[in-house]
Amino acid sequence: MQQRKLTVSRRLAASALTALATTLAVLAAVVLVFFVTNGAAAANLGPLATYFLPSALVLLALLFLAALLGAFRTWWGAVVAGVVGGVLASVLGTVYTLVASGAAWTQEVTDFLIGSLAGTSLVFEVAAVVAAVTVGRAVWGRAIGWRAGPAAPVAIVRPPSARLEDGELTHLDRTEVDADLAHDPWDQYVALLEREGFDVVFAEPADEHPDAVFIEDAVVMFGDVAVIASPGAESRRGEIDSIRETVGSLSSRVEEISLPGTLDGGDVLKVGRTVYVGRGGRTNAEGIRQLRAIVAPLGYTVIAVPITKALHLKSAVTALPDGTVIGYPKLLGNPGVFERFLPVPEAHGSAVVVLGPDAVLMSAAAPKSAALIADLGYRVETVDISEFEKLEGCVTCLSVRIRSV
Ligand code: CIR
């Protein structure tokens with residue numbers, strides 16, 4: 001299980017907050033204990049706070065260092081931080097108070113210092129341990145998980161291979177594909193995602209894999225859980241190696257479909273908590289079974305959809321932001337499987353990338369379908385991806401979108 005990486009500024013801020021909250025709790029606790037045990041006289045409050053202040057300041061610095069080193073990630077780390085911080089801070093604080101009072105350093109002073117460790121300072125030390133484990137851990141957890149608003153969606157893309165023209169073909173006849181001509185449209189696709197607010201992550205180029213640009217087939221995201229696919233085409237199996245690394249830092253958990261199970265990401269259509277999976281040339285029954293076992297505990301229902309006339313399920317259908325499934329009927333067996341289905345008039349019109357609640361991205365090769373969707377109140381952006389369409393690609397398969405849930 002991999003954790004999201006903490007930025008330096010986030011770590012510094014979380015450490016400062018953790019140290020400050022823990023120290024204030026310790027100071028409040030020790031002042032309260034001695035205030036109560038000394039007869040609860042209001043006049044004692046000020047002197048008590050002043051007496052413990054030097055130790056509290058040392059504790060603040062020590063806990064900040066401990067938090068930076070990751071001590072508050074575990075309860076035992078917090079205990080160690082509390083013990084070490086509490087003992088060192090009370091010794092150094094008491095030394096400071098003695099030196100500041102101008103007292104000469106005699107054996108008596110040393111004995112007092114040692115004695116106080118198990119006496120007056122013991123309250124401070126115990127308070128430091130208790131506060132580190134309770135207040136410190138709670139503040140650390142909230143501070144590292146805090147977000148300044150919804151995180152930007154992420155889109156993972158992979159540059160086209162120089163060998164693009166050798167990509168797999170299943171339903172189309174091979175026509176000339178020019179890898180050089182594919183670069184500009186791909187750049188425009190990426191620029192559009194960036195303009196629409198996606199943080200674009202570039203996967204390692206994989207020139208030896210002609211179809212690697214169709215990255216949607218290599219991994220499917222369920223919130224922040226990544227499921228690495230098991231490509232149904234032999235020639236595409238090597239594409240997933242570098243994907244593990246790419247999604248590792250973007251996911252809380254990485255799962256994998258493994259052989260003999262096969263599953264292409266292009267066969268997986270998520271509509272809310274329903275996951276339609278195409279059972280066709282690329283995804284087999286075992287792949288669907290493995291996916292179901294991974295995502296059912298996450299609250300998803302997997303519905304298998306037999307497909308025979310399209311390469312992938314998502315070559316035939318995708319979903320609008322409102323969950324309506326749109327598709328080209330000639331490529332589908334039975335649209336009745338979908339709760340709400342809207343036919344589109346062009347094969348290339350069945351693929352939409354959801355850009356937001358009111359906007360989608362479509363292929364420039366499907367103007368009638370784009371007009372139909374625009375007429376439903378959506379902003380429709382288009383890109384010309386004809387070089388990729390010659391290889392049975394579509395707008396969805398050029399990226400993997402991750403939205404925070
Ligand atoms: C293939 O046959 O695997 C590629 N030439 C096209 C993959 C398109 N991917 C997709 O629709 N999800």
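All ligand and atom numbering here is 1-based and tracks the order in the structure. Only heavy atoms go into these numbers, but all of them, side chains included; no hydrogens, no water, no symmetry mates. Bear in mind the structure is a predicted one, so any value in this text is a computation, not a measurement.
Between Ser235 and Glu168, the side chains place a donor N or O and an acceptor N or O closer than 3.5 Å (distance only, hydrogens not considered).
Look at Arg282 and Asp267 and you find no salt bridge, because none of the NZ, NE, NH1 or NH2 atoms lies under 4.0 Å from a carboxylate O. Between Glu256 and Arg244 there is a salt bridge, since at least one side-chain N of the basic residue sits less than 4.0 Å from a carboxylate O of the acidic one.
With sequence neighbours excluded, the residues satisfying side-chain hydrogen bond (donor to acceptor under 3.5 Å, both in side chains) with Gln290 are Glu286.
Screening residues 77-96 for ring pair (Phe, Tyr, Trp, His ring centres under 6.0 Å) gives no qualifying pairs among residues at least two apart or on separate chains. Under the salt bridge (charged side-chain N to carboxylate O under 4.0 Å, His left out) criterion, no residue pair touches residues 332-355, with sequence neighbours excluded.
Near ligand 1, residues Glu168, Asp211, Phe214, Glu216, Asp217, Arg236, Gly266, Arg282, Leu311, His312, Leu391, Glu392, Gly393, Cys394, Cys397 come within 4.0 angstrom through at least one heavy atom.
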